[in-house]
Amino acid sequence: MKDTLHEEANNVKAVAHDVAVSGAYLYPVKGILFFSYHKDLWRPFISRAVQTIGLGLGVTTAMFFFTYFPQAAIMAFTSGPLAPISAALLVLSESSTITNFLARSFVLADALTDTFDGTLVARGHTELVAKGRQVNASGGAVSRLGKMLNRPLERMRPSALVRSLMLLPLNFIPVVGTLLYVYMQGKERGPVAHLRYFDLKGWDERKREEWVRRNHGGYTGFGMAAFLFEMIPFASLAFSFTNSVGAALWAADMEKAQ
C-alpha cells in the first residue's frame with residue numbers, strides 16, 4: 001500500500017495538467033443542471049429512491065452497531081479525545097462506500113442505464129441508443145426507452161470495494177490525504193461512467209482501453225468531480241443519477257465531435 005500511494009502521488013503531478021485542460025470535470029455540474037430541467041429523467045431516480053434509502057439506513061445501522069466501538073477504541077490511541085468523532089466519521093464513510101457498492105451492483109444498475117440512455121435520446125442521439133435497446137417513436141426521453149437488446153455489464157467488482165475501504169483512512173491526513181484519496185478513486189471511477197457508452201459503440205476491450213488511455217486526463221477529472229459529489233452524506237443517491245446524466249452529456253459531445 002505504501003508503494004502504491006507513493007506511485008500515485010507521483011502520477012498526480014503528471015496527470016494534473018491533462019485533467020485541467022480536458023474540462024471533463026465540469027460535466028457532473030452540467031449533469032445536475034440538465035437533470036433539474038428535464039423532469040422525464042427523474043423517473044428512474046424516483047423508482048429506486050425508497051429501496052436505496054432503505055439499503056443505506058440498514059447498512060449504516062449495522063455498521064454503527066458492529067464496528068463503531070471497536071474502531072473508536074483503536075482510534076483512542078491515534079486521535080485521543082477526538083476518537084469518538086473520528087470513529088463516527090469513518091463509520092459513515094465506510095457505510096456510504098458499502099451502500100454505494102451494493103446499490104450500484106443490485107439496485108441501481110438498470111435505473112442508471114435508463115438515465116444515461118434517456119439523456120442521449122434527449123440530446124438527439126437516438127440511433128446510438130437504438131444499438132443497445134428498442135426506442136419508441138414518441139414520448140419523453142425516458143418513456144421512449146424500450147426493452148434492452150443486451151444487458152450492460154456495469155457491476156462493481158468486490159476488489160473495488162475492498163480497495164475503497166482500505167483507502168478511507170487517507171482522509172485523516174489533512175488536505176493531502178483527502179486529495180490523494182479523491183484522485184485515486186476518481187481515476188478508477190472515471191472510465192466506469194462510460195461503460196454504457198462503450199457498450200453502445202460496440203467496442204471491444206482493446207478499443208476501450210485505448211480510448212481511455214488517450215483521454216486519461218478527462219476520465220480522471222470527471223471521476224474526481226463525480227466522486228466528490230457522491231461523498232456528500234445522504235445525497236449520494238441523487239448525485240449518482242446526475243453523474244450518469246453528466247457522463248451521457250459528455251458522450252453526446254464526443255459523438256458530436258466525431
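Put simply, CG on L200 and CG on L128 are 5.0 Å apart, with the number rounded to the nearest 0.5 Å. In this structure, CZ on F227 lies 14.5 Å from OH on Y183, to the nearest 0.5 angstrom. Taking NZ from K187 and NE2 from H216, the interatomic distance works out to 6.0 Å, rounded to the nearest 0.5 Å. Atoms CZ and OG1, from F66 and T61 in turn, are 11.0 Å apart once rounded to the nearest 0.5 Å. Between E94 atom CD and L89 atom CG the span is 11.0 Å, to the nearest 0.5 Å. Summarising the geometry, atom CG belonging to N100 is positioned 6.5 Å from atom OG belonging to S96; distances are rounded to the nearest 0.5 Å.
Under the ring-ring contact (aromatic ring centres under 6.0 Å, His included) criterion, F69 pairs with no residue, sequence neighbours left out. Listed by chain and number, the residues in a ring-ring contact (aromatic ring centres under 6.0 Å, His included) with F222 are W250 (sequence neighbours excluded). Annotation: side chain to side chain donor-acceptor pair (under 3.5 Å) contacts of T67 (sequence neighbours excluded): Q71. With sequence neighbours excluded, the residues satisfying side chain to side chain donor-acceptor pair (under 3.5 Å) with Y197 are E255, Q258. With sequence neighbours excluded, the residues satisfying side chain to side chain contact (heavy atoms under 4.5 Å, CB included) with F198 are H194, L195, W203, R208, W211, V212, Y219.
The shortest side-chain heavy-atom distance between T126 and R144 falls under the 4.5 Å cut-off. In this structure the side chain of L237 reaches within 4.5 angstrom of the side chain of F45, judged on heavy atoms. Residues R189 and E230 meet the side-chain proximity criterion, which asks for heavy atoms closer than 4.5 Å.
Residues L41 and I46 are members of one and the same hydrophobic cluster, defined by side-chain heavy-atom contacts under 4.5 angstrom among Ile, Leu, Val, Met, Phe, Trp and Tyr. Linking ILVMFWY side-chain heavy atoms closer than 4.5 Å, directly or via other members, places M224 and V21 in two distinct hydrophobic clusters. By the criterion of side-chain heavy atoms lying less than 4.5 angstrom apart, applied directly or through intervening Ile, Leu, Val, Met, Phe, Trp or Tyr residues, V91 is not grouped with I74; the two fall into different hydrophobic clusters.
Not a single donor-acceptor pair under 3.5 Å links the side chain of D117 to the backbone N or O of V129. Between the S22 side chain and the V19 main chain, a donor and an acceptor come within less than 3.5 Å of each other. Looking only at distances, a side-chain donor or acceptor of T242 sits under 3.5 Å from a matching main-chain atom of F239. At distances below 3.5 Å, at least one donor-acceptor pair connects side-chain atoms of S244 with backbone N or O atoms of L112. Checked by atom type and distance alone, the side chain of N243 pairs as donor or acceptor with a backbone atom of A226 at under 3.5 Å. With Y68 contributing its side chain and P84 its backbone, the two residues share a donor-acceptor pair below 3.5 Å.
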Residues 26-38 side chain polar contacts: donor-acceptor under 3.5 Å, at least two apart:
| from | atom 1 | to | atom 2 | distance (Å) |
| --- | --- | --- | --- | --- |
| Y27 | OH | D253 | OD2 | 2.6 |
| S36 | OG | I32 | O | 3.3 |
| S36 | OG | L33 | O | 2.7 |
| H38 | ND1 | F34 | O | 2.8 |

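A pairwise comparison of heavy atoms in A109 and R104 identifies CB-O, 3.6 Å as the closest pair. Here the shortest heavy-atom pairing between S143 and N136 reads O-ND2, 3.7 Å. P44 approaches T115 most closely through the heavy-atom pair CB-OG1, 3.6 Å. Looking at every heavy atom in both residues, G118 comes nearest to A141 through O-CB, 3.3 Å. Annotation for A103 and T52: closest pair CB-CG2, 4.1 Å, computed over non-hydrogen atoms. Listed here is the closest heavy atom pair of L120 and A248: CD2-O, 3.5 Å.
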request  = Test side-chain contact (heavy atoms from CB on, under 4.5 Å) on L55 and Q51 and set out the steps.
outcome  = CA-CA 6 Å; L55 176 63; Q51 290 175 277; over 6 Å; no

| said: Working note: K131 + K201, criterion side-chain contact (heavy atoms from CB on, under 4.5 Å); need CA distance, chi angles, decisive distance, verdict. | reply: CA-CA 8 Å; K131 295 179 180 179; K201 295 288 286 185; 5.6 Å; no

Under the side-chain contact (heavy atoms from CB on, under 4.5 Å) criterion, do L108 and F241 qualify, and how do the steps go? CA-CA 9 Å; L108 298 181; F241 283 87; 4.0 Å; yes

Step by step, would you call D110 with R48 a side-chain contact (heavy atoms from CB on, under 4.5 Å)?
CA-CA 10 Å; D110 289 345; R48 295 293 191 275; 4.2 Å; yes

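The pair D199-R133 does not count as a salt bridge, with every side-chain nitrogen at least 4.0 angstrom from each carboxylate oxygen. Taking 4.0 Å as the cut-off between side-chain N and carboxylate O, E210 and R206 count as a salt-bridged pair.
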